[in-house]
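Order of the sequence lines sets the chain letters (A, B, ...), proteins ahead of strands, with each chain counted from 1.
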Protein chains: 2
Amino acid sequence: MKPEEIDQSAAVAPQIYRSIRARIVAGALEPGAPLSEAEVAAAYRVSRQPVREAFIRLAAVGLVQVRPQRGTYVTEITEKAVLDARFVREAIEAEIVRLVAGAADPSVVAELRAQLALQRAVKPDDAATFLRLDERFHRTLAEAADQPYAWGVVEEVKAQMDRVRMLSYYPQHMTRLIEQHQAVVDAIADADVAAAERAMRAHLREIIQSVRELVSERPDLFTGTHNRRNHGRKSNDATV
Amino acid sequence: MKPEEIDQSAAVAPQIYRSIRARIVAGALEPGAPLSEAEVAAAYRVSRQPVREAFIRLAAVGLVQVRPQRGTYVTEITEKAVLDARFVREAIEAEIVRLVAGAADPSVVAELRAQLALQRAVKPDDAATFLRLDERFHRTLAEAADQPYAWGVVEEVKAQMDRVRMLSYYPQHMTRLIEQHQAVVDAIADADVAAAERAMRAHLREIIQSVRELVSERPDLFTGTHNRRNHGRKSNDATV
DNA sequence: TGAGCCATACTTCCATACCAGTCAAGCATT
DNA sequence: AATGCTTGACTGGTATGGAAGTATGGCTCA
């Protein structure tokens with residue numbers, strides 16, 4: 001994944017933010033990798049200023065760490081950070097799904113069932129597509145509960161989780177996750193508030209297993225492979 | 001409340017952020033009031049750059065609204081924004097208090113009871129002191145649940161609520177709030193998870209009444225005294 | 001008198017320059 | 001050879017200038 005082109009006619013800072021965020025979540029920028037305002041600016045062919053503002057936002061959601069006069073680094077994934085994010089997400093989404101189940105709007109149920117069909121149609125190895133549909137599923141619930149603001153908070157918080165989900169994805173996982181979505185939708189259709197909440201909480205706790213497995217399988221992502229020195233240019237890899 | 005002095009030897013952007021945030025929450029900067037990078041910079045005797053970064057953070061928590069090429073304005077308080085924030089806060093804090101009640105740590109209970117005593121000692125008309133103790137109470141619960149990250153999210157979200165609480169405070173209110181705190185602590189002491197959650201949710205729903213009363217008593221804060229045009233635009237992430 | 005145009009004084013956003021702090025390589029000294 | 005210090009190339013933070021866009025007040029013209 002390369003730095004995309006920047007549309008100079010629109011505000012560039014948000015574009016930089018989204019681009020770098022996507023690259024971190026996708027793993028193209030590895031945990032511990034150094035980012036430099038100057039290098040990133042050169043790669044995107046913009047000045048340091050909008051890059052700096054993008055870094056501020058990335059730091060706010062915990063994807064990078066700015067150390068004054070030392071450098072800015074992609075934060076390493078820590079089990080604690082992922083679990084902390086999950087805690088907040090579960091709290092909010094449990095509340096959301098209770099609202100949705102309590103309302104029991106047939107059109108919402110129909111929409112969710114349609115999305116389930118789309119999810120089942122995804123090729124098992126197409127992680128990116130499935131994860132996008134998964135996000136859409138959860139966002140749909142938030143909108144059904146008329147809680148767009150709460151969804152904004154979830155979106156910020158889940159950045160940490162997304163990194164793990166992208167890395168720990170395997171095809172069999174998809175079936176399992178769809179079954180959990182199914183359980184949520186069924187409970188909503190039954191207007192069974194408690195069951196819907198239980199199903200959602202169980203679903204969101206999948207990540208706990210995922211992160212534990214990832215810790216043992218890819219410890220490099222947690223301890224960090226990049227040694228902190230060698231800021232010196234050299235790598236062909238235009239790695240911003 | 002005036003712009004405080006800035007310590008030039010430390011990073012100034014965070015200082016500007018905290019100062020302006022405090023002034024907005026305290027009502028010294030009224031809803032709808034225009035802020036300008038240049039004016040604020042002059043007032044604090046710093047350059048526009050750190051002011052700009054402070055504005056970005058303030059916009060992220062919804063205290064100001066940046067409209068490109070038009071100006072930056074203190075956001076008006078809207079009932080919806082306050083209720084949305086409350087929804088997220090209740091979700092998170094309900095989860096937190098369940099953890100605390102489930103653990104039933106005697107030292108935590110002792111600490112909370114000590115804080116209740118402090119709260120009762122506050123003079124009824126000293127809103128600032130009481131609200132500080134209230135914040136401390138809730139933060140203590142988050143720390144007892146070992147969820148500092150979740151508390152960080154709450155702190156961001158509650159900015160909207162704090163404005164209302166400051167404005168709608170009246171002495172009799174204090175007694176009522178302390179009783180609610182008492183109920184939470186009692187439930188924790190009894191290790192009654194469900195009761196603790198109920199008490200916390202009831203406590204956090206006080207704000208619903210407060211904001212409704214404020215809407216009718218001080219409509220100027222909601223409609224804005226400084227009238228603005230061009231309401232038709234939403235500059236959501238116009239800035240990073 | 002009233003409607004439309006235009007100069008102008010703002011605004012935020014981006015680019016550039018300068019600053020102080022950090023850190024590692026390498027010389028100088030022991 | 002080992003250790004301490006200097007030096008210089010980085011870093012992010014701040015200051016400042018210019019560009020593009022927007023709102024406004026006054027002018028022109030009907």
Test salt bridge (Lys or Arg N to Asp or Glu O under 4.0 Å) applied to A:Arg21 - qualifying residues, sequence neighbours left out: none

Please list every donor-acceptor pair under 3.5 Å in which a side-chain atom of residues 139-149 of chain A meets a protein atom from a residue at least two apart or in another chain.
from: A:Thr140; atom 1: OG1; to: A:Gln115; atom 2: NE2; distance (Å): 2.8
from: A:Thr140; atom 1: OG1; to: A:Arg136; atom 2: O; distance (Å): 2.7

Within this structure, what is the CD-to-C1' distance between A:Gln65 and D:dT11, rounded to whole angstrom? 14 Å

So which protein nitrogen or oxygen atoms get under 3.5 Å of nucleotides 12-16 of chain D's nitrogens or oxygens?
from: D:dG12; atom 1: OP1; to: A:Leu35; atom 2: O; distance (Å): 3.3
from: D:dG12; atom 1: OP1; to: A:Thr72; atom 2: N; distance (Å): 3.4
from: D:dG12; atom 1: OP1; to: A:Thr72; atom 2: OG1; distance (Å): 3.1
from: D:dG12; atom 1: OP2; to: A:Glu37; atom 2: N; distance (Å): 3.2
from: D:dG12; atom 1: O4'; to: A:Gln69; atom 2: N; distance (Å): 3.3
from: D:dG12; atom 1: N2; to: A:Gln69; atom 2: NE2; distance (Å): 3.3
from: D:dG12; atom 1: N3; to: A:Gln69; atom 2: NE2; distance (Å): 3.0
from: D:dG13; atom 1: OP2; to: A:Arg52; atom 2: NH1; distance (Å): 2.2
from: D:dG13; atom 1: OP2; to: A:Arg52; atom 2: NH2; distance (Å): 3.1
from: D:dG13; atom 1: N7; to: A:Arg48; atom 2: NH2; distance (Å): 3.0
from: D:dG13; atom 1: O6; to: A:Arg48; atom 2: NH1; distance (Å): 2.9
from: D:dG13; atom 1: O6; to: A:Arg48; atom 2: NH2; distance (Å): 3.1
from: D:dT14; atom 1: OP1; to: B:Val12; atom 2: N; distance (Å): 2.4
from: D:dA15; atom 1: OP2; to: B:Ser47; atom 2: N; distance (Å): 2.6
from: D:dA15; atom 1: OP2; to: B:Ser47; atom 2: OG; distance (Å): 2.5
from: D:dA15; atom 1: O5'; to: B:Ser47; atom 2: OG; distance (Å): 3.3
from: D:dT16; atom 1: O4; to: B:Gln49; atom 2: OE1; distance (Å): 3.2

What donor-acceptor contacts under 3.5 angstrom involve side-chain atoms of residues 31-39 of chain B, with partners at least two apart or in another chain?
from: B:Ser36; atom 1: OG; to: B:Ala38; atom 2: N; distance (Å): 3.2
from: B:Ser36; atom 1: OG; to: B:Glu39; atom 2: N; distance (Å): 3.0
from: B:Glu37; atom 1: OE2; to: B:Arg52; atom 2: NH1; distance (Å): 3.2

Could you give the OH-to-P distance, from A:Tyr73 to D:dC10, as a whole number of Å? 14 Å

Once ring pair (Phe, Tyr, Trp, His ring centres under 6.0 Å) is applied, do any residues pair with B:His173, and if so which ones, sequence neighbours excluded? B:Tyr170

Got a sec, which pairs hit side chain to side chain donor-acceptor pair (under 3.5 Å) with one end in residues 78-87 of chain A, sequence neighbours left out? A:Glu79-A:Arg212, A:Lys80-A:Asp84, A:Arg86-A:Glu90

